[in-house]
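Okay, structure first, notes after.
No hydrogens, no waters, no symmetry mates; every other heavy atom, side chains included, goes into these values.
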Amino acid sequence: MLDESTLNEIQEINLTYLLLAQKIIKSDLPSALVMLNINQDVADMISSLKVGEMMEMSKLNQLICQFRAVSDIHISAILRKDRDQGFNSIHAALVFSSPEASKSLDRVNI
Amino acid sequence: MKDGPKQSLLDEQANIQIAIDLIELGARLPVVESETCVSRPRLLRLYKEVHGRSPSKGLLPFSTDWFVTWKPSIHSSLFYNLYVKIGKYSPELTKTDTLIKAYRLYHQQIKLSHEPPVLTITRAWIMIRFFESNLLEMKPCSTCSGHFITHAHSPHDEVRCGLCHPPSRAGNKVIKNGEQMTE
């Protein structure tokens, strides 16, 4: 069983995620879709949420956002490198923006 | 695209905004000229107002080889993946808007990674044309699954990307000289 404070953290992340997503969507929709990896319908839904509704959606013992569906092998390929030239983050950005990585995620939009 | 008398003030305004965006991102004038209906004299003025100097002259870079060399291929692949993804999620955008948004996202990420931006927006624009005329294509890396740029019509279905399999001396030059690559 999770303790109270960890449960609170989950709810905080849920609410923070929704507020942040709304902010990104409102500033620039096309870029937001790529940054959040969600389709236009989900973006419309999130941006239409009122604060009260966001609170309700946040009060869960589960996270509403989930880890990008990239296999463990691919993640270790990104992080494995001994040479560190800021390339690991570029590599991650590249893999996460590739068609394959986003395809698997289309099924599991929040 | 013509600068005819029918062009509304709103269209003209939108065109000038696109021209300003492109110039601010560092685009060479021939790129701006082909993406907007703004006349060349006005573009020259805009360029001088934005950068405080005259635009550089001469041919645009025209080789496909640059894009498949080690470091440029990494930057170009990241940009092109973003470009394709924006186009997929927001098909209603014009190609120019997609270019601008993808380049901004690319630039943002490169800055976060503390890397100099190797790919200029002019090169990005040329690269899109190379893809459209099937001179370049994207293929998944067999190790990390990231999509990487290659010459079109290469016989392999998968590539070994420059990040998973860097050439042995890759990256040394930049550290020694402390200089970034130029166009």
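Of all heavy-atom pairs between B:Leu93 and A:Pro30, the closest is CD1-CB, 3.6 Å. Across every non-hydrogen atom of A:Val34 and B:Tyr89, the tightest pair is CG2-CD1, 4.3 Å. Minimum heavy-atom separation, B:Ser113 to A:Ile90: OG-CG1, 3.4 Å. For the pair A:Ser97 and B:Lys85, the tightest heavy-atom approach, listed with the atom from each and the gap, is O-CD, 3.8 Å. Looking at every heavy atom in both residues, A:Leu94 comes nearest to B:His147 through CD2-O, 3.4 Å.
Between B:Lys71 and A:Phe87 the shortest side-chain heavy-atom distance falls below 4.5 Å. Contact annotation: the side chain of B:Ser90 never approaches that of A:Leu29 to less than 4.5 Å [non-hydrogen atoms, C-beta and beyond]. B:Arg104 has its side chain out of reach of A:Ser31: every pair of non-hydrogen atoms, C-beta onward, lies at least 4.5 Å apart. At a threshold of 4.5 Å between non-hydrogen side-chain atoms, the residues A:Ser98 and B:Met138 do not count as touching.
For B:Ile74, the parts lying near chain A are the backbone and the side chain together; criterion is any non-hydrogen pair under 4.5 Å. With a 4.5 angstrom heavy-atom cutoff, B:Cys161 touches chain A only via side-chain atoms. With a threshold of 4.5 angstrom between heavy atoms, B:Phe148 approaches chain A through side-chain atoms but not through N, CA, C or O.
The cluster map of Ile, Leu, Val, Met, Phe, Trp and Tyr, joined by side-chain heavy atoms under 4.5 Å apart, puts A:Leu60 and A:Ile10 in different clusters. Side-chain heavy atoms closer than 4.5 Å link hydrophobic residues (I, L, V, M, F, W, Y) into clusters, and following such links, possibly through other members, connects B:Phe79 to B:Leu60. Grouping the Ile, Leu, Val, Met, Phe, Trp and Tyr side chains by contacts below 4.5 angstrom, directly or via other members, places A:Met54 apart from A:Ile13. A single hydrophobic cluster is not seen to contain both A:Leu63 and A:Met57; linkage of ILVMFWY side chains at heavy-atom distances under 4.5 Å, directly or through other members, places them apart. Linking Ile, Leu, Val, Met, Phe, Trp and Tyr residues whenever their side-chain heavy atoms come within less than 4.5 Å places A:Leu36 and A:Met45 in a single cluster.
Among B:Thr98, B:Leu105, B:Asn81, B:Leu82, the residue making the largest number of heavy-atom pairs under 4.5 Å with chain A is B:Asn81.
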Quick one: do B:Ser145 and A:Val95 satisfy side chain to side chain contact (heavy atoms under 4.5 Å, CB included)? Show the steps, please. CA-CA 7 Å; B:Ser145 84; A:Val95 171; 3.9 Å; yes
